[in-house]
Amino acid sequence: MPKLIFLDGDGTIWYPKSTKRTQKPHWIYHDPSTKNQYLQHLELAPKIRETLAFLHSQGVLLVLISANPAPAEVAESELLNKLQYFGIEDYFHSYHSSPGDNPLGKAEVIQRILTQENLLPQDSLMVGDSYFYDYEAAQSIGVPAYWIENTVSNQPDVIPPEWQKISEVSDILEQINHLVEPTLKM
Ligand SMILES: [Mg+2]
């Protein structure tokens, strides 16, 4: 059982209602028809609430890291709004933004949090839908990662060995299935 799980936001735990994972999710923040009330156009991905509740109940620290071009203060206040909108803020130990223009930006945030929590990379794992910003960033510092399979995220030219792919965040429960409650099984 990991002690801490890093989760991406857009495309991972929530996404645009109308396009889910068939388009990069960020259009919702730019399109004139959605940008001023984007919360109403977002929804949680399947089984997110149950999965977060279960992991939280097991004492796993859940940490949200979302890349955003805005200054950290603005980005993190937006993250809190989203967590509160979905009523899932209590499941999270903390939430952070990372630079929107640096694919390895999450690695710095992950490293800082692991140090603060006195944990090793292998005590944690990362789940996200971006190959470069989530999966590779985490693996670059030794954090096991799971990539949410999709066709819109930029992908590497060379397929990495043992690429860990899942369909939904809830699939990580099967990776730790000795603790999975029957009601959460597929
Ligand atoms: Mg994402």
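In each ligand, atom 1 is the first atom listed, and ligand 1 is the first ligand listed.
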Give the table of side-chain donor-acceptor pairs shorter than 3.5 Å for residues 143-150, with sequence neighbours excluded, one pair per line with atom names and distance.
from: Trp147; atom 1: NE1; to: Asp129; atom 2: O; distance (Å): 2.9
from: Asn150; atom 1: OD1; to: Val152; atom 2: N; distance (Å): 3.1
from: Asn150; atom 1: OD1; to: Ser153; atom 2: N; distance (Å): 2.7
from: Asn150; atom 1: ND2; to: Asp129; atom 2: O; distance (Å): 2.9
from: Asn150; atom 1: ND2; to: Ile148; atom 2: O; distance (Å): 2.8

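In this view, Gln122 and Leu120 satisfy the side chain to side chain contact (heavy atoms under 4.5 Å, CB included) rule, not counting sequence neighbours. Residues passing the ring pair (Phe, Tyr, Trp, His ring centres under 6.0 Å) test with Tyr29, sequence neighbours excluded: Tyr38.
Under the 3.5 Å distance criterion, the side-chain polar atoms of Asp134 are matched with a main-chain donor or acceptor of Ser130. Of the possible polar contacts, one joining the Lys17 side chain to the Gln40 backbone as a donor-acceptor pair under 3.5 Å is found. Not one N or O on the side chain of Arg21 forms a donor-acceptor pair closer than 3.5 Å with the backbone of Thr151.
Here 3 is the count of protein N, O or S atoms positioned under 2.8 Å from the Mg ion (ligand 1), waters not counted.
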